[in-house]
Structures are given as C-alpha cells and as structure tokens.
**Q** 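Pasting in a structure now, in structure tokens, and then I'll have a few things to ask.
Scope of the values below: all heavy atoms of this structure, side chains included, with no hydrogens, waters or symmetry mates. When a ligand or atom number is given, it counts from 1 through the structure's own listing order.
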Amino acid sequence: VPVAVLGATGTVGQRFVALLADHPSFELVRLCASERTAGKPYGEVVRWALAEPLPARAARLVVEAPEPGSAPEPLVLSALDAAVAGPLETAFAEAGALVVTNASAHRMDPDVPLVVPEVNPEHLELVAERPAGRGAILANPNCSAIGLALALAPIERAYGLDRAHVATLQALSGAGLPGVPALAIADNVIPFIRGEEEKLEREPRKILGRLAGERIEEHPLVVSAQCTRVGISDGHTALVSFATRRSATREGLHDALASFRGEPQERRLPSAPARPIVVHEAEDAPQPRLHRELERGMAVSVGRLRPCPLLGWKMVVLSHNTLRGAAGGALLVAELAHARGLVR
Ligand SMILES: NC(=O)c1ccc[n+]([C@@H]2O[C@H](COP(=O)([O-])OP(=O)(O)OC[C@H]3O[C@@H](n4cnc5c(N)ncnc54)[C@H](OP(=O)(O)O)[C@@H]3O)[C@@H](O)[C@H]2O)c1
C-alpha cells in the first residue's frame, strides 16, 4: 500500500519515517511538510533526531506541500502541527484517502473513530460503509490518553469503572520541535500543558464508549487530570487512582492487566506488541529510562498496583509517547484498518 506522511519533518513524523522503512505491507512514497521545507530532499531539510540512521530511500524523497491532488495515496499518516491539521486532513479524506492522524483536530468528531486497537477496534465500523471514492479519518488519541485507556480497559471489563484521578509527568518530546527551552525545564517541573487535561478527561470516555449504530455512546467514567512537563526525553508517566463499580482484588486486577490481549495480537499485526500491558512487581517500577522501550516501545507498563485510601486502587502507568503514544500507535491503527479491508 503506497503511503504518504504529512508533517514528516517533526518529532512524530520522523518516527513514522523510521517505522515505515522496512514495513511488510506499507511503502512510503510521499513526504509532506510546510512550505518552508517543501521542494528539497528530505535528507537535506530534516533535523533527524532519532538514534537509528535516517533511511536512505526516505532521505532522497523530495518534500512536498500537503496537497491531496485528485488521487492521493490510499493511506495517509498525519503528524501535522495541530494548528493546521484539521482542514488539510479533511481535504485528503475528501479526495479518497484513509487518513490516520495524531493531531487532535478531529478526535472528537462524531464520525471519526478514536482508536486504541486493542481496546475498541469495533469503532472502525463507523467508517466501514462509505461511498466509493470517499476516504475517512481515523484518530489516534492523545499520547497520555492512550496509555491511560490501555491500562483502564481491562479493569473496566473485569470490574467496571466509575472514577479515576490521574497526574502525569510528561516527556519533552511530547512538545514537538523546537520544544520547551532548556532554561525553562532544567531543574524544574512545569505544571501546565495547554489543552492536555481536557483531552485526558474526555478522550478515555470516547475510547471506552460503546458503538451504538452510527455513533459512539461515551462511557460515563469521570476522570480528573493534572498534567506536568518534566525533563525526560521520552516516556510519559501517569499516577492513576481509580474506583471500580464492582469490588476488585489485587490478584484479579493484576491478572486482568497482565492477560489483556486484543485484535492486533490475534491478527499478529506487524506493529502489535506480544504483551500490550507489562505488569511490574518491583517496588520502584516502571521507570521511563528502563521500561519505555519494552515491546519496541509499544507496551504500556503498569506497576505499583496497590490500595488507595481515596478511590480504592492506584497504579503507575508508563508509555512511550512518540511510539505507542503517537507514530507506533497510529501505525497500528493503520495496520488494523488495512487488515479489516478499510484501506481502498
Ligand atoms: N510529540 C508527541 O509525543 C505527540 C504525541 C501525540 C500526538 N502528537 C500530535 O502530533 C502532531 C505532530 O506533533 P510533533 O510533536 O511531531 O510536532 P512538530 O515536531 O512540531 O512537527 C510538526 C510538523 O508539521 C509540519 N507543519 C507545520 N506547519 C505546517 C503547515 N502550515 N503546513 C504543512 N505542514 C506544517 C512541520 O513541517 P516543517 O518542518 O516544514 O515546519 C512538521 O513536519 C501534533 O498535532 C501533535 O499534537 C504529538
């Protein structure tokens, strides 16, 4: 399947380029960024920030402005800046592409599935019936919301969920490029990330929601979120307390989390982690530096599962924000859509 990447020069776009280099079903054929960079070979304009080398084929592709034309690639992966993503992604979808986006612009649109492939693959049904020649948009949730929703989903299935409180410690790569100035973050914690708490309070309700005909009925879960930026390169940590509807045991919660699997594992999708959730027993785990790369950055780590005097239970959740939380997660959504015959 020929694939275009929008926002290819950014933090998430670079991850897409790296992940697509040897992909078994998808072939990267077009890279788009802003007018500032368009017209030159990718290798000349990108400030490559990953440890792995820039793939040679991608380096030779000439960067284009993101215009769909009359026949866009059937699959478009978007890592566009949030400020410009909305109308550009709509244009690609209207021209026939299946767009999988990391940007927040369309996440809460009623006709856009907000998908964590292990949790709510059935939401893809929203775009299954569409007229010939018409594309659609699939949204990858917010980077912290993905880790939170993955960790809450097995608990919801086993015991039902009522309320949750989450405090995050979010990595610098989550702010994109050029990002947070070094002087602002060194020796510091910044207790505000614009728009983030609203996303974390809202998106899990849609992800855990029920497909009812042509719409998603949101889950009634109430989430209270506080988000901070910390001096970590990659890996968002979330300190989560939660109340279940039915009484839970530690063993039951542990087993529900550790045994959780979904459609990506059943279908053995190329980016699917064997274990979507890794449960840690060590008293000081998970830690970003030690655990963010588990399962190629696609596993969510859960540790310190213990009673909470306020809500019943608490745990620490860690996920790699640019892999599971962005490019890796979106690629898994694209692989699931492809496996279900939605890429046309
Ligand atoms: N970083 C994360 O962990 C993370 C996680 C989840 C979701 N997201 C979301 O994913 C998206 C990308 O994030 P990022 O961190 O990768 O951002 P970024 O590093 O700032 O990259 C933004 C990309 O958008 C392009 N762009 C900017 N203005 C444009 C315009 N007017 N027309 C066309 N292209 C334009 C940039 O191209 P130029 O280089 O030419 O300027 C660049 O390729 C955002 O919507 C963000 O909210 C990010």
**Q** For ligand 1, which atoms have a heavy atom of A326 less than 4.0 angstrom away?
**A** 5 (C), 6 (C)
**Q** Give the residue and atom name of whichever protein heavy atom lies nearest to atom 40 (O) of ligand 1, and the separation in Å to one decimal.
**A** T37 OG1, 2.3 Å
**Q** What atoms of ligand 1 come closer than 4.0 angstrom to any heavy atom of A33?
**A** 33 (C), 34 (N), 37 (O), 40 (O)
**Q** Identify all side-chain donor-acceptor contacts of residues 77-88 below 3.5 Å with residues at least two apart in sequence or on another chain.
**A**
{"unit_1": "S78", "atom_1": "OG", "unit_2": "L80", "atom_2": "N", "d": "3.3"}
{"unit_1": "S78", "atom_1": "OG", "unit_2": "E89", "atom_2": "OE2", "d": "2.6"}
{"unit_1": "D81", "atom_1": "OD2", "unit_2": "A83", "atom_2": "N", "d": "3.2"}

**Q** Considering distance alone, does some N or O of G10 sit under 3.5 Å from an N or O of ligand 1?
**A** yes
**Q** If hydrophobic clusters are built from ILVMFWY residues whose side chains come within less than 4.5 Å, do L221 and F242 share one?
**A** yes
**Q** Taking NZ, NE, NH1 and NH2 as the nitrogens, is one of them in E263 or R267 under 4.0 Å from a carboxylate oxygen of the other?
**A** yes
**Q** Any idea which protein heavy atom is nearest atom 28 (N) of ligand 1, and the distance to it?
**A** R36 NH2, 3.7 Å
**Q** side-chain contact (heavy atoms from CB on, under 4.5 Å) for H236 and H320? Distances and angles first, verdict last.
**A** CA-CA 6 Å; H236 289 352; H320 197 303; over 6 Å; no
**Q** Please state which part of V84 comes within less than 4.0 Å of ligand 1, counting heavy atoms only: side chain, backbone, both or neither.
**A** side chain
**Q** Out of A49, S34, G176, who is nearest to atom 33 (C) of ligand 1 when you count heavy atoms only?
**A** S34
**Q** Looking only at protein heavy atoms, which one is nearest to atom 7 (C) of ligand 1, and what is the separation?
**A** N102 O, 3.5 Å
**Q** Hey, are E64 and R30 close enough for a salt bridge, meaning a charged N less than 4.0 Å from a carboxylate O?
**A** yes
**Q** Could you walk me through whether S25 and H338 satisfy the side-chain hydrogen bond (donor to acceptor under 3.5 Å, both in side chains) test, starting with their C-alpha distance in whole Å, then the side-chain angles of each, then the deciding distance to 0.1 Å, before giving a yes or no?
**A** CA-CA 9 Å; S25 339; H338 178 49; 4.6 Å; no
**Q** I'd like to check whether A175 has a polar contact with ligand 1, where a contact means an N/O of the residue lying under 3.5 Å from an N/O of the ligand.
**A** no
**Q** Hey, does D81 come in under 3.5 Å of ligand 1, counting only N/O atoms on both sides?
**A** yes
**Q** Please step through side-chain hydrogen bond (donor to acceptor under 3.5 Å, both in side chains) for the pair R324 and S319, ending with a clear verdict.
**A** CA-CA 7 Å; R324 174 50 97 156; S319 54; over 6 Å; no
**Q** Looking at G252, is its backbone amide N or carbonyl O close enough to the side chain of T249 to form a donor-acceptor pair, meaning the two atoms are under 3.5 Å apart?
**A** yes
**Q** Which residue owns the protein heavy atom closest to atom 12 (C) of ligand 1, what's the atom, and how far is it?
**A** A79 O, 3.1 Å
**Q** Is R15 salt-bridged to D234, cutoff N-O under 4.0 Å?
**A** yes
**Q** Pairs of nitrogen or oxygen atoms closer than 3.5 Å, one from T9 and one from ligand 1: do any exist?
**A** yes
**Q** Quick check on S173 - does any of its heavy atoms sit under 4.0 Å from an atom of ligand 1?
**A** yes
**Q** When you measure from atom 4 (C) of ligand 1 to every protein heavy atom, which one gives the shortest distance, and what is it?
**A** V12 CG2, 3.6 Å
**Q** Between P66 and ligand 1, find which residue part has any heavy-atom pair under 4.0 Å and reply side chain, backbone, both or neither.
**A** side chain
**Q** Determine, using heavy atoms of G325 and all atoms of ligand 1, whether some pair is separated by less than 4.0 Å.
**A** yes
**Q** Who's the nearest protein heavy-atom neighbour of atom 20 (O) of ligand 1, and how far?
**A** L177 O, 3.4 Å
**Q** Considering heavy atoms of the protein only, find what lies nearest to atom 25 (C) of ligand 1 and give residue, atom and distance to 0.1 Å.
**A** G7 CA, 4.0 Å
**Q** Given E125, which of R130, R340, R210 fulfils the salt bridge (charged side-chain N to carboxylate O under 4.0 Å, His left out) condition?
**A** R340
**Q** Which option out of A171, P178, G174 puts a heavy atom nearest to atom 2 (C) of ligand 1?
**A** G174
**Q** Any Lys/Arg nitrogen of K40 or E35 sitting under 4.0 Å from an Asp/Glu carboxylate oxygen of the other?
**A** no
**Q** Please report the C-alpha distance between E197 and Q226 in whole Å, then the side-chain angles of each, then the deciding distance to 0.1 Å, and finally whether the side-chain hydrogen bond (donor to acceptor under 3.5 Å, both in side chains) criterion is met.
**A** CA-CA 6 Å; E197 292 171 356; Q226 302 201 65; over 6 Å; no
**Q** Do L80 and ligand 1 have an N or O pair less than 3.5 Å apart?
**A** yes
**Q** Is it the side chain (CB and beyond), the backbone, both or neither of A8 that lies under 4.0 Å from ligand 1, heavy atoms counted?
**A** backbone
**Q** How far apart are the closest heavy atoms of N140 and G325, and which atoms are they?
**A** ND2-O, 3.9 Å
**Q** With atoms numbered from 1 as shown, which atoms in ligand 1 lie under 4.0 angstrom from a non-hydrogen atom of A103?
**A** 45 (O)
**Q** Find all atoms of ligand 1 within a distance of less than 4.0 Å from any non-hydrogen atom belonging to T322, and give their numbers and elements.
**A** 3 (O)
**Q** Mind telling me whether Y42 and W48 have parallel, tilted or perpendicular rings, with 30° and 60° as the class edges?
**A** perpendicular
**Q** Look at E218 together with K206 and state whether they make a salt bridge at an N to O cut-off of under 4.0 Å.
**A** no
**Q** May I ask whether atom 46 (C) of ligand 1 is less than 4.0 Å from at least one protein heavy atom?
**A** no
**Q** Short N/O distance, under 3.5 Å, between P141 and ligand 1?
**A** no
**Q** Can a side-chain donor-acceptor contact be found between N142 and E196 if the only test is distance below 3.5 angstrom?
**A** yes
**Q** Who's the nearest protein heavy-atom neighbour of atom 3 (O) of ligand 1, and how far?
**A** N321 ND2, 3.2 Å
**Q** I want to know if ligand 1 touches R107 in the polar sense, i.e. an N/O pair below 3.5 angstrom.
**A** no
